[in-house]
**Student:** 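Would you mind keeping the following structure in view while I ask a few things?
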Amino acid sequence: MRKIEHLGIAVRDIEKSKLLFSKLLGNESYKTESVESEGVKTEFFMIGESKIELLEATKEDSPIAKYLEKKSEGIHHIAFAVDSIEEEVKRLKSEGFEVLNEVPKRGADNKLVVFLHPKSTNGVLIELCQDVP
Ligand code: CO
């Protein structure tokens, strides 16, 4: 793993949260992107070398909608940048981690992403991301 690429934060109202995080960070969001397949709308902020990703559900049955139903707004996942997502998946599987999607999915911000099940990572949803070649 190279670094923490971003922290994902689940929010109910992304427009309100966008304003809140602009004030908090003293910095505008640099990208708004919807990922239709995941039923999610995202806002990205740059902070130093890392990013903050705000996530709002766009469908009732999206993973973020379910998360907000069960829990509340807050940190949803930690994303690590990796050079080779395939190699990391192999390595982590051999170490006993549970991979949620073995075939990398197209995520927001031009990334290929794989998630690890929180039950194998102390309750923290982990995202691995690699730049789309
Ligand atoms: Co993410």
Side-chain angles (χ1 to χ4, degrees):
M1 310 249 191
R2 268 199 297 128
K3 63 170 189 177
I4 293 180
E5 216 278 335
H6 63 269
L7 296 179
I9 299 177
V11 303
R12 293 189 196 282
D13 183 335
I14 204 161
E15 292 307 319
K16 276 191 192 161
S17 298
K18 182 182 174 178
L19 286 174
L20 187 140
F21 275 83
S22 301
K23 281 188 212 161
L24 177 70
L25 302 172
N27 190 350
E28 296 298 314
S29 128
Y30 72 90
K31 187 187 252 185
T32 304
E33 189 179 345
S34 290
V35 182
E36 202 51 51
S37 56
E38 295 295 302
V40 78
K41 187 176 171 191
T42 64
E43 286 288 344
F44 282 91
F45 293 85
M46 201 73 212
I47 178 80
E49 288 205 347
S50 303
K51 298 167 189 164
I52 300 280
E53 174 185 36
L54 303 180
L55 304 136
E56 178 193 67
T58 55
K59 289 188 243 171
E60 269 175 35
D61 60 345
S62 80
I64 292 296
K66 287 179 188 156
Y67 180 88
L68 287 170
E69 220 171 85
K70 269 194 264 174
K71 307 200 177 174
S72 64
E73 292 185 303
I75 293 185
H76 175 260
H77 64 270
I78 299 178
F80 294 102
V82 301
D83 292 322
S84 165
I85 206 160
E86 272 175 39
E87 278 174 31
E88 278 300 326
V89 165
K90 252 188 245 164
R91 182 181 74 81
L92 292 167
K93 276 181 70 180
S94 75
E95 297 282 6
F97 292 96
E98 189 181 330
V99 176
L100 282 171
N101 59 300
E102 284 197 31
V103 179
K105 299 193 274 193
R106 190 69 184 248
D109 208 27
N110 210 31
K111 305 286 186 202
L112 290 174
V113 301
V114 165
F115 288 94
L116 304 183
H117 199 294
K119 78 181 179 200
S120 67
T121 51
N122 278 176
V124 182
L125 179 62
I126 302 289
E127 174 185 333
L128 307 177
C129 58
Q130 179 202 311
D131 289 328
V132 173

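Starting from 1, each residue takes its place in the sequence as its number. Counting convention: from 1, in listed order, for ligands and their atoms alike. We use all heavy atoms of the structure for the numbers below, so side chains are in, but hydrogens, waters and symmetry mates are not.
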**Student:** Applying salt bridge (Lys or Arg N to Asp or Glu O under 4.0 Å), run through Lys41 and Glu15 and close with a yes or a no.
**Tutor:** CA-CA 10 Å; Lys41 187 176 171 191; Glu15 292 307 319; 3.2 Å; yes

**Student:** Hey, are Glu5 and Lys111 close enough for a salt bridge, meaning a charged N less than 4.0 Å from a carboxylate O?
**Tutor:** yes

**Student:** To the nearest 10 degrees, how large is the angle at the Co ion (ligand 1) between His77 NE2 and His6 NE2?
**Tutor:** 100°

**Student:** Using 2.8 Å as a strict upper limit, say whether an N, O or S atom of Glu53 approaches the Co ion (ligand 1) that closely.
**Tutor:** yes

**Student:** Does Cys129 bring an N, O or S atom to under 2.8 Å of the Co ion (ligand 1)?
**Tutor:** no

**Student:** The Co ion (ligand 1) and Asp109: any N/O/S contact shorter than 2.8 Å?
**Tutor:** no

**Student:** In Glu127, the N, O or S atom nearest to the Co ion (ligand 1) is which?
**Tutor:** OE1

**Student:** Assess whether salt bridge (Lys or Arg N to Asp or Glu O under 4.0 Å) is satisfied between Lys18 and Glu43, documenting all intermediate values.
**Tutor:** CA-CA 7 Å; Lys18 182 182 174 178; Glu43 286 288 344; 3.7 Å; yes

**Student:** Say whether, by atom type as modelled, one donor and one acceptor occur between the side chain of Ser62 and the main chain of Lys59 under 3.5 angstrom.
**Tutor:** yes

**Student:** Do Val99 and Phe80 land in one hydrophobic cluster if side-chain heavy atoms of ILVMFWY residues count as linked below 4.5 Å?
**Tutor:** yes

